[in-house]
Each structure stands twice: as C-alpha cells, then as structure tokens.
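In this chain, numbering begins with 1 at the start of the sequence shown.
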Amino acid sequence: MLMLALSGMRTRWITFVGSFVALALGVGLIAATGLALAATFDAPERGPERFAAAPVVVRAADHLRVDTPTGTRTKPLDHPGPVGPRTADRLAALGRTVEDRTFPADVTAAPTGPDAKAARTGADAKQPRTGPGTTAARTGADAGKSRPGQDAEARVGHPWPVAAAAPYRLTSGRAPAAPGEVVVTIRPGGAPLRTGDRVLVRTPAGNGPRTVVGTVAGRGFEDAVFFTDDEAARISPDIDALVVHADATAVRRALGPDSGMDVLTGHDRRRADPDPDRDARALVSVNALLGTAAGITLFVSAAVVASTFSFAVAQRRREFGLLRTAGATPGQIRRTVCAEAVLVGVLASAAGVWLGAGGAPLLVGRMTGAGLAPPWFALGDASWPLHTAFWTGVFVATAGALVSCHRAGRTAPTEALREAAVDSRVMPASRWAAAVLVLLAGLGLPALALAVDPGDLLGRKSYITRPMLLVVGFALLAPVLVRPVGRLLTWLPARLPGATGVLVRENTAAGVRRTAAVAAPVLITVALAATLTGTVATLEEARAAEARTATTADFVVTSGQEGRPMAPAFVERARAVEGAVVSVSRSTAVTVLEEDTALVTSEARAVDPARLAAVSELPVTAGRLSDLDDGAIVVNEEWLTTRVGDRVTVWLGDGRKASLRIAAVLATGTGDNGVYVTRRNAGGAGVDRIDVKVAEGADRRAVAAALQSAGAATGTRVTTRAEWLAANGPGTNDQTRTGLRMILGIALLCTATALANTLVMATSDRVRDLAVLRLAGATAPQVLRLAAAEAVVAVGVGAVLGGVVAAVNLLVVWGALVLLGVMSAVVVPWGTLGLVVAAAALLAAVSAVLPASLALRTRPVELAGARE
C-alpha cells in the first residue's frame with residue numbers, strides 16, 4: 001500500500017500539493033501561536049522595585065479574605081485602607097520607620113510672563129480668570145489640554161525619605177529641604193529636567209511652582225517627584241505604607257493577628273509596588289487572542305483538508321474503479337487513501353513545524369509592535385508546542401481523510417466505465433444525519449441560551465465558538481445547497497445573450513462536488529468575518545446606545561489620566577458653578593459571596609442619589625433610584641438576589657462588610673449597568689467623574705466657560721455630552737480590531753490556499769471539457785471567461801451560505817440584546833465582507849484561468865482524445 005500511495009502521489013502531485021501547502025501553513029500557524037501562547041502562561045519573574053532595599057514593609061491588607069464552607073476565598077481589594085497613626089506610633093517604638101505616601105504629581109515646564117499668574121492655583125485660583133493667556137474660552141475636545149510646550153508629564157509624588165527604600169541615588173544636586181523644593185527622576189526620552197529648573201507641579205492639594213534641587217536616575221517602574229516629608233504629608237495625609245527597620249517577627253507580634261495589616265518581607269515586598277499584577281494582567285488578553293487564533297486555525301485547516309481530500313476522492317472514482325476491476329479489495333483502496341493522507345500529514349506537519357519555529361519571533365514582534373502584547377513580551381524555551389503542532393497536523397490530515405477513505409472503498413468496478421461528469425448521490429444518508437444533528441445543535445444551543453441566560457451569548461468565547469457548528473452544518477449540506485443557490489446567482493446571466501451564462505449555470509449544477517469544494521472555504525471565511533466583526537461592532541453600538549440613553553448631562557468631566565482621581569480643586573470649583581446641576585461620582589467595587597462558594601466582584605459607582613436622576617436615565621426594572629441611601633444599594637438583574645427590599649451582604653472596596661437593602665434593580669444590558677451605592681460606601685474611592693446639567697434658564701455658555709477654566713487649571717478633561725459619547729462610542733477599541741484582523745488574516749490565508757488548490761485540481765481535470773468547447777467553436781478567450789465565471793459563481797455560492805450563517809449568528813446577538821433590555825440595530829460589516837468576497841473571487845478567477853490557459857496551448861484534438 002505504501003508503494004502504491006507513493007506512486008499515486010507522484011502521478012497526481014497536483015491533487016496533493018494544495019493539501020500539503022494548506023496543512024503546512026495551518027501547522028506553522030498553530031506552532032507559531034503555540035510557542036507564543038506558551039510564553040503567556042507565566043509572567044516574568046520580577047523582584048521588589050519600590051521597596052527593594054526596605055527590610056520590612058507594612059501596609060493595609062490588599063486582599064479580601066472570606067471563610068466559606070469550602071475554604072477561604074480571596075479577592076483583591078479595590079481601595080485598601082491606609083496605615084493608621086496609632087499603628088505607625090506602635091511600630092516606631094520597634095525601630096526607625098519611614099512613612100510612604102503616593103499621590104499624583106504632574107510636572108509641567110513652568111510658564112513665564114502673563115501665563116505664570118494664570119497657572120497658579122490656591123486661594124487666588126478659585127476665581128475664574130479671563131483675558132490674554134487664559135483658557136476660559138476653550139471648549140470641546142481641547143478642554144484640559146495644555147498649550148504647546150506646556151504638556152503635563154504624569155508623575156507620582158512621594159516623600160524624599162522613602163527614596164532610599166528603592167533605592168534611589170542622587171545623580172545631581174541635593175535632597176529637598178524646604179517647601180517648594182523637589183527631586184525628580186530622569187529617564188531616557190523623558191522631560192529634560194535639570195537641577196535649578198523651575199517647574200509647575202500639579203497635586204491634589206493644588207498647583208504651584210517648584211524648584212528642582214536634585215535628580216535621580218529613573219528605575220523604570222515609575223516617574224517620581226520627591227517632596228520634603230512635611231510637604232508630602234500636607235498634600236496626602238494618609239500613610240500608604242510604612243518602612244520599618246526592625247525584625248519582622250517583632251513587627252507581626254506588635255501588630256497582632258487581627259490588625260488588618262500585611263507585613264511584607266523578601267519577595268512579598270513586590271506586593272507593595274505600583275500595580276504588582278500588571279504583568280500577569282497584560283498577558284490575559286494576549287492569551288485569549290492567541291488561543292482564539294490557534295483554535296480558528298485548527299478549525300479552518302481541518303475543514304480545508306477534509307474538503308480537499310473529499311474532492312480528490314471524487315475526482316479519482318474512475319481510477320479506483322480500475323483498481324477494483326483489477327482485483328483490489330475495498331480495504332486496500334481505503335488503506336491506500338489513508339496512507340496518502342498520513343504521508344501528506346507527516347511531510348506537511350514537518351514543514352509546518354519548521355515554518356512555525358521561524359515565524360514565532362515575527363509573530364511576537366508584530367504583536368508587540370501593534371500594542372497587542374506588552375513591550376517586554378518574548379518567547380520562552382518551551383518545545384512542547386512544536387510537538388503538539390506536528391501531531392495535530394498528522395491527526396487533522398488523517399481524520400480529514402477518514403470519510404473520503406470510506407467513500408473510496410465503496411467505489412464499484414463499474415465506475416471504470418463511467419464517462420459522465422455529472423455528480424450523482426452526493427449526499428449519503430450518513431452525511432444527511434450528521435448535517436441535521438450539527439445544525440440542530442448550532443440552532444438549539446443558542447435558543448436554549450436565549451431562554452435561560454441571554455447574557456452568556458455576548459461573551460467573547462460564545463460569539464467566537466458559536467458559528468463553528470453552523471459552519472460545519474452548512475458545509476455538510478453544501479452539495480444539496482449548491483444547485484439552488486447556483487441557479488439563483490446565475491438566473492440573470494443565463495438570460496443574457498450568448499451561451500456563457502447558460503454554460504455556467506449548467507456546469508455549476510453538474511459539478512456539485514467541485515462547486516462545493518470551492519464554496520466551502522469561502523463559506524468558512526465569510527461566516528467568520530461577518531460574525532466576528534459584526535458581533536463586535538453590534539456590541540459596541542449597543543453600548544453606545546446604552547450610554548446615549550443613560551447619560552442626559554450636558555457636560556461629562558473626567559480626570560486627565562485614566563485611573564486617577566479628579567483634582568479636589570476642580571470638584572470644589574465645579575460645585576460652585578452658578579446655574580449647573582453637578583453630580584459627583586466615584587468608581588468603586590462591591591463583592592458578594594454567591595452560594596457560599598465564590599466571591600464575585602462587581603464594578604460600582606458611588607453617587608449622590610438626589611442629583612443622579614438629573615443627569616441620567618438608568619434602565620430601572622424594579623424599585624426607585626430615589627430610595628438609594630447609605631443603607632441601600634442598586635443592583636442589576638445579574639445578581640442572584642434581585643427582589644426590592646431584600647438585604648444583601650457585601651464587602652466594600654476597602655474591605656468593610658455591610659448589609660445593604662436593595663433599593664432598585666437595573667436591566668442587565670450589555671454588562672455596563674453596574675451597581676450604585678452612596679459616597680459613604682465608596683470604600684475610599686476618589687472622584688473620577690462629574691456629570692453636569694445646565695439648569696433651566698441658566699446660561700449654557702457661562703457654565704461651559706467656568707468648567708473649561710477650572711479644567712484647564714487642574715488638568716481635568718471637560719467634554720460636552722456629544723464629544724464624550726463620540727470618544728466612548730463604536731470603533732474606539734483599536735486593540736480588539738487589530739486582533740480580529742489578525743484572526744481573519746489567518747482564515748483568509750488558509751482559504752486562499754484551499755481555493756487555489758481546488759481550482760487548479762478541478763481545472764486540470766477538465767482539459768477534455770475545455771477542448772470540446774474549442775472544437776464546438778468557442779474561442780480561447782471565451783473558454784477562459786467561462787472558467788473564470790464558474791469560479792466566481794462558486795465563490796458566490798460560498799459567500800451566500802456564509803452570509804446565511806452570519807445572519808443567524810447576528811440575529812442571535814440581537815435577540816440576546818433585546819432580552820437584556822437594549823434596543824440597538826445590528827451592524828453588518830459590509831466593507832469587510834466586500835473585501836473578503838472580492839479577494840476570494842479574484843483569487844478563484846486567477847486560479848481557474850492560469851491552468852486553463854496552459855491547457856489550451858495544446859491542440860484541442862489532442863486534448864479531446866487524451867485519457868487519464
């Protein structure tokens with residue numbers, strides 16, 4: 001069998017070269033993504049940074065710990081508390097202590113001339129200024145931006161004594177000794193600050209000029225500004241951490257077991273660094289993207305290989321009939337086809353592993369360059385992805401040929417006498433059964449989810465994996481659907497003058513297997529492209545529709561830097577604006593214990609209930625927002641307990657436990673309808689958003705001018721409602737779109753290979769048909785146009801079937817949104833679909849015309865008399 005398989009592969013190499021290339025590319029992509037995926041399993045091991053030279057660090061516990069019947073559950077706290085003064089005094093008795101405070105301290109080159117006075121804040125900054133050099137008249141997207149040459153550099157402030165804990169060392173100048181003196185870190189590419197420079201520093205306590213009296217080399221994890229100990233305490237009174245020069249055991253003994261403090265030593269000091277989990281968190285999206293890419297590559301490769309082998313077996317039915325006539329048994333025919341598949345699988349997998357090993361560094365470089373992965377992301381030394389990719393390729397090739405092997409073994413000896421090119425009995429009962437079962441699963445599972453948990457259908461895993469069943473089902477039914485869809489697409493061309501349209505229609509209907517083999521990869525790609533990009537765009541539009549409905553404020557104010565609280569000076573000035581209804585809110589979190597087994601954290605906003613209704617219209621399904629008070633909470637329908645008046649036990653952002661009454665329930669929506677509490681339950685969160693509504697009869701221009709003036713002085717972003725909606729509307733997540741383009745690029749690559757291979761095989765096998773057309777009077781250009789038209793129609797069939805799959809999936813998403821209370825239109829990515837179909841049609845036409853043009857170089861009489 002092996003010799004026969006080798007002989008067959010050598011004789012019919014065109015049949016196998018496409019399968020080889022498609023499988024090699026698939027294995028190469030799986031190997032490359034696997035190597036990159038292996039590197040995401042472990043974040044790089046980093047030692048302590050800010051407190052690398054500190055013997056002991058004491059800080060408030062940053063994790064919530066709850067005992068349950070199944071063990072202790074933990075969750076990170078949104079806002080860990082400070083170290084209390086009594087705790088600091090108790091530890092000071094053990095040895096020298098250094099108090100650490102961390103607060104925003106943005107640095108701008110100090111203005112001179114008229115702007116110097118306008119930049120100052122404090123007692124004289126509370127009154128809005130107008131005239132030359134001010135920004136009171138600035139509006140819109142320019143709000144909060146500095147003038148050219150005065151862009152603020154985001155930094156963090158600390159007291160100078162804690163610098164030794166890193167350790168920071170002076171590279172020039174001296175330590176700050178008086179208010180108004182600072183030491184700054186210097187890093188390559190940062191602001192060119194030098195000793196003696198005057199800078200404007202913006203802190204929560206206000207803005208003011210400072211003198212740089214010293215510089216230290218930056219250490220990469222932060223850009224810092226160091227103040228005197230007293231000035232840092234004035235700016236930020238709370239102690240964030242305490243460096244203790246004493247024995248750790250003595251420190252723990254002094255604190256006691258129930259102090260709520262963590263005593264950090266050794267590698268645990270890393271937990272006191274700024275955002276210690278940033279590396280692991282950065283890898284989560286990388287892991288999801290690579291896992292999705294690998295899964296789609298495997299799916300598309302398997303479908304392409306199976307389709308190619310199925311078409312190849314259909315082409316060789318006369319060959320198998322001759323072997324049966326010569327005495328070959330069905331088992332021998334099956335073993336021959338399987339041996340060919342294994343040989344192709346082994347050779348293609350080996351080539352794919354080689355391609356993947358070389359392509360993985362390029363993939364990682366592309367991902368870091370596009371911002372899909374952090375800059376430090378790099379390949380590890382794992383080799384198991386290469387072994388996995390190799391054996392996956394062999395398995396895919398073998399499994400893809402199993403059905404074809406069975407069909408080849410059923411070839412009767414009479415097939416050797418068959419001359420007709422019309423496909424018959426293209427759908428055996430087993431394929432009908434498989435298609436019906438897969439389609440029922442593909443339609444039934446989403447229907448069940450719509451009835452039970454519509455929100456589950458909006459998750460990334462759901463809308464990426466859900467199309468697969470429908471794609472497989474329609475691919476299995478393709479031989480049945482080809483004729484009606486093909487006749488629909490060729491209805492108009494067949495009625496035009498000339499014979500080309502009629503020939504295209506009849507050849508498409510006669511060569512069902514050929515048309516289905518071309519349509520299958522197009523079906524997969526169109527379905528994936530439309531479903532993935534359409535679902536993401538639809539969800540973005542739904543979130544934008546929710547925001548448009550929920551936000552009725554005239555202005556939305558946010559801090560200049562994401563994740564930072566708003567300057568208190570701006571909050572005070574905004575509240576004092578005449579004619580404005582100001583709603584101040586804070587971003588926090590609440591945690592609940594569900595079914596005594598799992599801690600679930602929900603994003604929450606702390607608001608003033610009396611002003612919330614003036615600036616928003618939330619989708620309330622039960623209760624009243626006006627009933628929200630310090631002892632109540634507003635939840636959404638995703639919570640286990642949603643009956644108004646019931647009490648729920650929650651842990652607030654700072655770890656405090658509270659029993660709150662449900663005042664109102666919101667619709668689930670797209671998941672952005674979070675939880676609402678009052679300021680008392682904000683868990684130490686700072687103000688990060690202000691919604692402003694112009695009171696009836698008030699001067700809108702005056703309100704805008706006052707807000708813009710305050711925003712320009714404090715680095716706060718002031719936008720109109722329309723500008724805020726545009727900035728947070730559809731199309732803002734570039735990383736998601738880049739990831740989708742990468743996934744679709746993989747699918748397109750496999751589709752292109754399958755199209756080219758199938759059409760080259762099909763056209764090469766039809767040289768006698770082309771010769772008969774020539775002998776019947778057709779010119780060479782007419783024959784080539786016919787070949788191209790048939791290929792384009794086959795692509796059109798695949799595009800229609802893929803569009804049906806995508807339409808079903810997008811309707812499921814729309815239905816889930818309606819059930820969740822979001823009325824939003826379905827967004828169809830016509831541009832993406834047009835590019836995909838146009839690229840497939842062009843490639844199909846070229847792949848059909850090239851072998852046909854080569855075949856037409858031989859005299860038609862010789863081609864018509866040729867035999868296999």
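- Annotation: side-chain contact (heavy atoms from CB on, under 4.5 Å) contacts of Ala360 (sequence neighbours excluded): Ala32, Leu35, Leu379.
- With values rounded to the nearest 0.5 angstrom, Thr40 atom OG1 is found 4.5 Å from Leu37 atom CG.
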I'd like to know whether Leu539 forms a side chain to side chain contact (heavy atoms under 4.5 Å, CB included) with Val813, so could you lay out the CA-CA distance, the side-chain angles of the two residues, the decisive distance to 0.1 Å, and finally the verdict.
CA-CA 8 Å; Leu539 292 179; Val813 172; 4.2 Å; yes

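- A side chain to side chain contact (heavy atoms under 4.5 Å, CB included) with Val482 is found for one member of Leu801, Val797, Val518 and no other, namely Val797.
- Taking 4.5 Å as the limit, every side-chain heavy atom of Val795 sits out of range of all side-chain heavy atoms of Leu843.
- Only one option out of Leu470, Asn809, Leu811, Val812 pairs with Pro446 in a side chain to side chain contact (heavy atoms under 4.5 Å, CB included); it is Val812.
- Closest heavy-atom contact between Thr670 and Leu458: CA-CD1, 4.5 Å.
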Report the C-alpha distance between Leu439 and Leu477 in whole Å, list the side-chain angles of each, state the deciding distance to 0.1 Å, and finish with yes or no for side chain to side chain contact (heavy atoms under 4.5 Å, CB included).
CA-CA 10 Å; Leu439 283 177; Leu477 284 178; 3.2 Å; yes

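- Within the model, atoms CG of Leu289 and CG of Leu283 stand 12.5 Å from one another, a figure rounded to the nearest 0.5 Å.
- No more than 12 heavy atoms of other residues, nucleotides or ligands lie within 6.0 Å of CH2 in Trp830, so this atom counts as exposed by the packing criterion.
- Distance alone, capped at 3.5 Å, places no donor-acceptor pair between the Ser349 side chain and the Val346 backbone.
- Considering only residues two or more places apart in sequence or on other chains, Arg366 meets the salt bridge (charged side-chain N to carboxylate O under 4.0 Å, His left out) condition with none of them.
- Put simply, OG1 on Thr398 and CG on Leu343 are 10.0 Å apart, with the number rounded to the nearest 0.5 Å.
- When every heavy atom of Glu49 is checked against every heavy atom of Asp273, the shortest pair comes out as N-OD2, 2.9 Å.
- Counting all heavy atoms, side chain and backbone alike, Ala435 lies closest to Gly473 at CB-O, 4.2 Å.
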Hey, mind stepping through Val827 and Glu540 against side chain to side chain contact (heavy atoms under 4.5 Å, CB included) and telling me if it holds?
CA-CA 9 Å; Val827 179; Glu540 288 179 348; over 6 Å; no

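- The salt bridge (charged side-chain N to carboxylate O under 4.0 Å, His left out) check on Arg785 picks up nothing, with sequence neighbours excluded.
- In terms of heavy atoms, Gly47 sits closest to Arg270 at O-CD, 3.7 Å.
- A donor-acceptor distance shorter than 3.5 angstrom exists from the side chain of Trp814 to the backbone of Ser824, with no hydrogens or angles considered.
- Taken to the nearest 0.5 Å, the CG atom of Leu528 stands 9.5 Å off from the CG atom of Leu523.
- How far CD1 of Ile30 is from CG of Leu386: 12.0 Å, rounded to the nearest 0.5 Å.
- Counting heavy atoms of neighbouring residues, nucleotides and ligands inside a 6.0 Å radius, atom CH2 of Trp376 exceeds 12 of them.
- Residues satisfying the salt bridge (charged side-chain N to carboxylate O under 4.0 Å, His left out) test with Asp381, not counting sequence neighbours, are none.
- Contact between Gly534 and Leu810 at its shortest, heavy atoms only, is C-CD2, 3.6 Å.
- The salt bridge (charged side-chain N to carboxylate O under 4.0 Å, His left out) check on Arg46 picks up Asp279, with sequence neighbours excluded.
- Applying the side-chain contact (heavy atoms from CB on, under 4.5 Å) rule to Leu748 yields the partners Thr525, Val836; only residues at least two apart in sequence or on another chain are considered.
- Val286 and Pro374 make their closest contact through CG2-CD, 4.1 Å (heavy atoms, listed as atom of the first residue, atom of the second, distance).
- In this structure, the separation between CZ on Phe41 and CG on Asn287 is 6.0 Å, given to the nearest 0.5 Å.
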